[in-house]
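For reference, the structure discussed in these notes is given below.
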Amino acid sequence: MIRTETDPEPVVTIVGGGVHGVHLAVRLLQAELVDPCELCVIDPAGLLESFRRKCRQCGMVEFRSPFVHHVDTDPFSLRDFARAQSREDELVSSTVGADRPTVSLFFDHAAWLCDQHDLESIRFDARVTDITDRRDGVEIETNRGHINSQWCLLAVGHGRSFTYPEWATDLASTEPVTHVWDPGFDPDAIEEMSTVGIVGGGITAAQLATTLAQPGRDVVLFARSPFRVETLEASTDWMHFSGGIEALHGHPPGSRAREELVSDVRYDGTMPPYVFRRVQRALERRWIELERSEIAVATEAGGTVVVTCRDDSAFCLDNLICATGFGSPYDGSLFHHLRKQPTLQTGYRGAPVLDDDTLRWMRQDGTPSRIAVSGVAAQQVLGPFARNVIGARRAGKLIVGFLESELNAEKQTTKL
Ligand SMILES: Cc1cc2nc3c(=O)[nH]c(=O)nc-3n(C[C@H](O)[C@H](O)[C@H](O)COP(=O)(O)OP(=O)(O)OC[C@H]3O[C@@H](n4cnc5c(N)ncnc54)[C@H](O)[C@@H]3O)c2cc1C
């Protein structure tokens with residue numbers, strides 16, 4: 001069953017049912033802070049569906065993060081689930097750090113957890129278009145009506161914001177040129193006997209290239225810089241939310257300094273050793289061709305795209321897929337609307353100004369609003385792992401921590 005517009009007003013509304021939204025819902029229910037009928041998760045794509053689609057689109061087989069990172073609160077929940085299902089072989093050993101779950105194990109465990117808490121019954125199948133912060137609650141506008149809630153937790157990920165290289169902007173909507181994160185991109189729809197170009201040199205481009213490489217298909221990987229190998233997305237100090245976090249919080253909230261520090265310490269554009277080995281093998285066997293030069297010009301020609309690189313080499317491709325990353329976390333359409341709210345404080349490049357202890361979005365008058373943020377948009381507080389699964393757990397702790405005191409205080413006031 002899915003929640004409808006006529007159900008009672010929720011106490012807490014979570015916008016986004018991805019890793020972060022699901023974890024917040026599970027944590028709130030496990031802490032018994034709200035009854036299921038007082039909680040609502042709004043997502044038009046389905047619980048975890050957007051992330052599942054991305055993993056499929058880039059051909060990801062295993063997680064980069066260890067098995068203790070998942071959407072439940074108990075770190076060993078996924079391992080116990082694997083044991084109970086006799087699927088320990090889906091915990092893939094790693095040369096550095098703990099074993100990593102396969103994509104299917106991760107999502108089966110997450111689906112099991114959603115079933116345990118019957119999260120589908122509290123999902124409202126709608127897209128949030130705007131949120132208004134009021135002193136005593138929030139008003140949430142959706143494409144299927146209006147919801148009033150006491151608290152709103154924003155967990156919308158990158159919100160469909162991804163980047164194309166400059167030379168591709170005019171071609172982005174033409175048939176042969178697409179982005180790996182375009183919701184319409186389907187790797188299975190690519191013709192078997194075709195010539196495919198992939199742009200990018202990080203984990204996504206590498207995984208996609210090795211997935212698409214097959215007999216009869218020519219795959220060209222356009223990676224302008226040498227491959228860089230890193231096990232995780234940043235140093236493990238950041239993953240433990242120690243060390244660097246203090247330095248981050250030493251800069252003003254919402255500032256350029258915080259944004260630049262996060263971007264400097266993230267190992268963007270890297271790939272872990274197991275992906276690098278796969279690329280190396282595919283290159284050695286000539287399943288993939290590597291073009292080290294940058295594309296300078298691309299022109300559509302009768303359903304194909306002709307690209308010319310800076311080293312003057314030219315290719316005629318049936319498909320050109322950009323694996324060139326996400327856009328700014330503050331550029332999704334919902335954040336655009338929220339930025340225009342006169343009451344909420346925004347900082348450098350539209351970053352929400354959040355309270356470091358609670359992740360509550362601060363108002364212009366310096367008081368915390370009733371909107372809290374989890375996910376990549378909280379990176380100025382939680383650092384480079386804010387977007388990751390472990391970031392969801394850290395954000396969950398902070399958000400559920402403050403909600404516990406607020407909701408208990410409200411209950412006491414009602415009793416008086
Ligand atoms: C291919 C890939 C592999 C990754 N691998 C790992 C890994 O191994 N380990 C790790 O820790 N992290 C990994 N990450 C990073 C991170 O864990 C994921 O990006 C994760 O999906 C982030 O969760 P999220 O909930 O913030 O965002 P999302 O999964 O994007 O979920 C956001 C949800 O919000 C919904 N939404 C957006 N806008 C609205 C709106 N206006 N109204 C209502 N709903 C809305 C969307 O439909 C979506 O379901 C990976 C990321 C990618 C892309």
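These numbers were taken from a predicted model, which means no experiment stands behind them. Numbering of ligands and ligand atoms starts at 1, following listing order.
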pair Arg135-Arg370: side-chain heavy atoms closer than 4.5 Å: no

Among Ile140, Asp43, Ile390, closest by any non-hydrogen atom to atom 35 (C) of ligand 1: Asp43

Per-atom contacts of ligand 1 with Gly157, taking only distances under 4.0 Å to non-hydrogen atoms: 26 (O), 27 (O), 32 (C)

Close side-chain approach of Val262 to Arg258, heavy-atom, < 4.5 Å: no

Sub-3.5 Å N/O-N/O distance, His20 and ligand 1: yes

Atom 1 (C) of ligand 1: nearest protein contact (heavy atom, Å): Trp181 CH2, 3.6 Å

Polar contact flag, side-chain donor to acceptor under 3.5 angstrom, Ser77-Asp72: yes

Check: His69 N/O within less than 3.5 Å of ligand 1 N/O: no

Candidate with minimal heavy-atom separation from atom 37 (C) of ligand 1, of Val389, Val156, Leu334, Val103: Val156

Atoms of ligand 1, numbered as shown, that sit under 4.0 Å from any heavy atom of Ala45: 47 (O)

Parallel, tilted or perpendicular, as decided by the 30° and 60° cut-offs, for the rings of His179 and Tyr164: perpendicular

Proximity to ligand 1 by part of Ala155, non-hydrogen separation under 4.0 Å: backbone

Closest protein heavy atom (residue, atom, distance) for atom 51 (C) of ligand 1: Phe51 CE1, 3.6 Å

Numbered atoms and elements of ligand 1 in range of Cys58, under 4.0 angstrom, heavy atoms: 1 (C)

Option of least heavy-atom distance to atom 12 (N) of ligand 1 (set: Leu232, Asn388, Thr142): Asn388

Within-cut-off N or O pair, Val128 and ligand 1, under 3.5 Å: yes

Nitrogen or oxygen of Arg64 less than 3.5 angstrom from that of ligand 1: yes

Spacing of Leu119 atom CG and Leu39 atom CG [to the nearest 0.5 Å]: 7.5 Å

Axial cation check for Phe106 ring with Arg100, 6.0 Å and 45° limits: no

Ligand 1 N/O within reach of Gly159 N/O, cut-off under 3.5 Å: no

Test item: Ser369 side-chain N/O and Arg363 main-chain N/O as donor-acceptor pair under 3.5 Å: no

Contact partition for Met60 relative to ligand 1, non-hydrogen atoms under 4.0 Å: side chain

Worked verdict on Thr346 versus Trp361 for side-chain contact (heavy atoms from CB on, under 4.5 Å): CA-CA 9 Å; Thr346 46; Trp361 197 327; 3.8 Å; yes

From CG (Leu212) to CG (Asp218), nearest 0.5 Å: 12.0 Å

Salt bridge (Lys or Arg N to Asp or Glu O under 4.0 Å) partners of residues 180-208, not counting sequence neighbours, each pair once: Arg56-Asp186, Arg56-Asp188

Distance-only N or O hit between ligand 1 and Ser65, under 3.5 Å: yes

Atoms in ligand 1 with a heavy atom of Gly18 nearer than 4.0 Å: 25 (O), 29 (O), 31 (O), 33 (C)

Ligand-residue contact atoms, ligand 1 with Pro44, heavy atoms, under 4.0 Å: 43 (C), 44 (N)

Side-chain donor or acceptor of Arg266 paired with backbone N/O of Pro384 under 3.5 Å: yes

Pairs where residues 29-55 contributes a residue and the test salt bridge (Lys or Arg N to Asp or Glu O under 4.0 Å) is met, not counting sequence neighbours: Glu49-Arg52

Region of Val15 engaging ligand 1 - heavy atom pairs below 4.0 Å: side chain

